[in-house]
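Heads up: the structure comes next, in structure tokens.
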Amino acid sequence: MLKVAEAGRQVSVQPSVLDSNGENVLFEVTARVPVKHLHRGKAYRLNLRYRYNNGLSEDTVGRLAFLSGEYVYDPEHKNQLVITKQFSFPYVATKNPGFLVATPEVYELGQESQRRRAPEITLARGIVTTGRLVVRQDTAIQIVPISVSNVMSGTRVLPFFFDAGQSAIRNYLGTNVAALEDFIDANQHTEKVMVVAGHSPDSLDMRDPRLADKRVQALLRYYKKRVDGYSYLNSVRSIKFETAAYHRRWDLFLNKVQASALKPDQIDSVLFIINDTPGTFAEKERRLRTLSFYDYLEQYVYPVMRFGTVAVKYTAPKRYDSEIYLLSKKIVEKQTEADALTPEELRYSAQLTPLLAEKQRIYETSVATTGRWEAYYNLGVVLQLRSEKEVNAKVERAYLRRAATNFVLAAHRNPTAALFYRAASAYHRAGDRLEALQSYDYAIKLGGARQMLYKVFADKAALEIEIGQLDDALGSLSYSNKTYQNLMNRALIHLLKGDHAGATVLYYEALQLKPNDALSYYCQAVVAARTKNETLLGQQLRRAVELDRSFANRAVEDLEFQEYAGSKTFVEALR
């Protein structure tokens with residue numbers, strides 16, 4: 001049975017040289033054997049395997065079994081059976097070069113251990129990688145720069161709130177006593193202190209006409225006592241104090257009402273009572289009590305009218321870069337609290353060290369303590385820069401994936417096309433194609449500057465070529481501009497689709513934008529090989545090798561040139 005089948009066996013593979021199509025190698029196998037080989041209870045089959053790595057590795061691809069329902073009669077040769085079947089296996093760079101082999105055998109149905117094998121046959125060579133000549137030019141990536149002033153000066157404003165009818169400074173909810181004490185104890189050089197206070201219109205606050213003055217004095221006494229007891233840089237005599245007590249200020253009340261959650265008609269009712277009806281301050285307050293929403297005024301507006309404010313104009317001692325850097329190290333090592341530096345100073349401190357590992361720890365701390373998008377973004381940048389220094393591909397991809405995650409977190413906090421593009425780019429480089437496509441789409445949907453969107457569409461097209469979606473890639477390129485990257489990738493699509501003339505024109509245009517480009521010449525040599533133009537092949541390949549010697553090694557292994565590998569033209573071109 002095996003002898004009869006083998007005597008008339010015919011096997012063909014399309015394409016004859018295996019080709020990568022995106023992430024997979026796709027091919028079709030057609031096998032014919034004589035009808036007379038059939039025997040009840042037994043079957044003939046071809047076991048397909050792909051062998052690579054100098055024969056040390058192989059993958060099982062599938063099988064063609066001449067069983068009832070699997071084969072048909074050849075319409076041209078009735079004495080032959082035929083099976084046509086499509087196969088694929090994942091593309092990995094290490095699988096090139098390799099061979100598709102088949103092992104013919106017959107076996108007992110239901111007892112596959114009972115079988116006889118014929119010698120192995122080689123069906124096709126693999127893999128042509130022309131489809132992977134995608135051009136993708138990375139945009140330079142930079143940390144978001146932070147600048148901070150070493151001269152720390154300004155005005156610190158601290159609000160305080162009092163209980164109804166009271167002038168005593170409270171030390172629970174709604175107080176800034178601790179913040180005021182910390183500020184005085186920090187010994188910032190103080191020039192002036194302004195203390196103001198007011199009262200609410202309700203009867204409890206209105207019982208004492210001097211309540212606002214008492215609140216001012218309470219804050220002023222507290223401030224002076226703290227300076228006398230805890231400040232070595234300032235003294236009460238060196239500070240200029242100003243005070244103001246606000247009495248019966250309807251304007252302050254109306255400002256709060258207009259900034260409240262009251263409805264427009266309710267606000268109009270308050271404005272009418274205050275501005276358009278006669279009466280004393282107390283009479284107008286009593287009219288407010290008649291409003292259906294008075295409980296809102298009583299609960300949310302009156303309490304903030306019982307306020308006091310301390311505004312301090314100060315100049316802090318000059319803070320040097322060295323101090324910022326040392327403090328940041330202490331924060332990272334948890335030797336001091338994170339608020340020893342402002343969020344901006346903490347991010348700025350990362351710029352003061354050239355070490356990527358230190359930058360990474362500072363930004364990780366900044367992310368944990370502030371959650372700012374700039375911190376996430378800069379952490380992503382540092383992780384991507386670290387990936388570029390890695391020689392281990394697995395570690396490199398791990399860094400890129402972490403970078404992409406931080407770019408996404410930055411983009412969620414500051415949704416822009418630029419940030420999602422960064423995430424897509426990192427995922428793309430890490431080989432996470434689905435995540436990259438998703439982030440490219442987010443960037444496009446958010447919109448942005450025209451040049452940014454051109455780059456997003458260009459890189460999205462490159463990714464679509466890599467995964468074999470050629471028509472989608474052409475669609476993306478139609479929204480981008482005319483660049484070297486886009487011309488090269490459009491030319492590659494034409495080449496893969498068999499439009500050799502169109503590919504040649506586009507490769508020539510790419511050379512106009514980037515003269516002496518070895519890759520353009522090499523691709524034109526591939527076009528010449530596919531169109532059987534040996535003379536042009538030699539010319540273009542010679543030019544590519546002159547510009548970049550690495551293309552000589554590539555050409556030797558490239559199955560596009562297998563028909564010319566021993567020709568004088570090919571050998572001369574590689575010298």
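Hydrogens, waters and symmetry mates are skipped; everything else that's a heavy atom, side chains included, is used. Model, not experiment: these values are computed from the prediction.
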For residues 409-420, which side-chain donor-acceptor pairs fall under 3.5 Å, sequence neighbours excluded?
from	atom 1	to	atom 2	distance (Å)
R413	NE	G371	O	3.3
R413	NH1	L409	O	3.0
T416	OG1	L419	N	3.3

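Partners of K389 according to the side-chain contact (heavy atoms from CB on, under 4.5 Å) rule, which considers only residues two or more places apart in sequence or in another chain, are L356.
With hydrogens and angles ignored, the 3.5 Å screen pairs no side-chain donor or acceptor of S366 with any backbone N or O of I362. Although no hydrogens or angles enter the test, the distance criterion places a donor-acceptor pair under 3.5 Å between the side chain of S387 and the main chain of Q384. Side-chain N or O atoms of N96 include one that pairs as donor or acceptor with a backbone N or O of I127 at under 3.5 Å.
Other residues, nucleotides and ligands contribute at most 12 non-hydrogen atoms within 6.0 Å of the OH atom of Y442. Other residues, nucleotides and ligands contribute more than 12 heavy atoms inside 6.0 Å of the CG atom of N392.
Aromatic ring pairs are classed by plane angle as parallel below 30°, tilted from 30° to 60° and perpendicular above 60°; the pair Y522 and F561 is perpendicular. By the 30° and 60° cut-offs, the orientation of the rings of H37 relative to F66 is perpendicular.
Expressed to the nearest 0.5 Å, how far CD of E58 lies from NZ of K95 amounts to 11.5 Å. Summarising the geometry, atom OG1 belonging to T535 is positioned 11.5 Å from atom CD belonging to Q540; distances are rounded to the nearest 0.5 Å.
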Quick one: do D321 and Y348 satisfy side-chain contact (heavy atoms from CB on, under 4.5 Å)? Show the steps, please. CA-CA 9 Å; D321 284 355; Y348 173 73; 3.1 Å; yes

Give the C-alpha distance, both sets of side-chain angles, the deciding distance and a yes or no for side-chain contact (heavy atoms from CB on, under 4.5 Å) between S480 and R490. CA-CA 11 Å; S480 192; R490 192 183 292 273; over 6 Å; no

Is there a side-chain contact (heavy atoms from CB on, under 4.5 Å) between F99 and Y50? Walk through the geometry before answering. CA-CA 6 Å; F99 296 90; Y50 185 77; 5.6 Å; no

For D472 and K460: C-alpha separation, side-chain torsions, deciding distance, then whether side-chain contact (heavy atoms from CB on, under 4.5 Å) applies. CA-CA 9 Å; D472 290 342; K460 181 172 181 279; 5.9 Å; no

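Between R45 and E70 there is no salt bridge, since no side-chain N of the basic residue sits under 4.0 Å from a carboxylate O of the acidic one.
Between Y376 and F407, the gap from one ring centroid to the other reaches at least 6.0 Å.
Counting only residues at least two apart or in different chains, salt bridge (charged side-chain N to carboxylate O under 4.0 Å, His left out) contacts with residues 554-567 comprise R530-E560, K532-E563.
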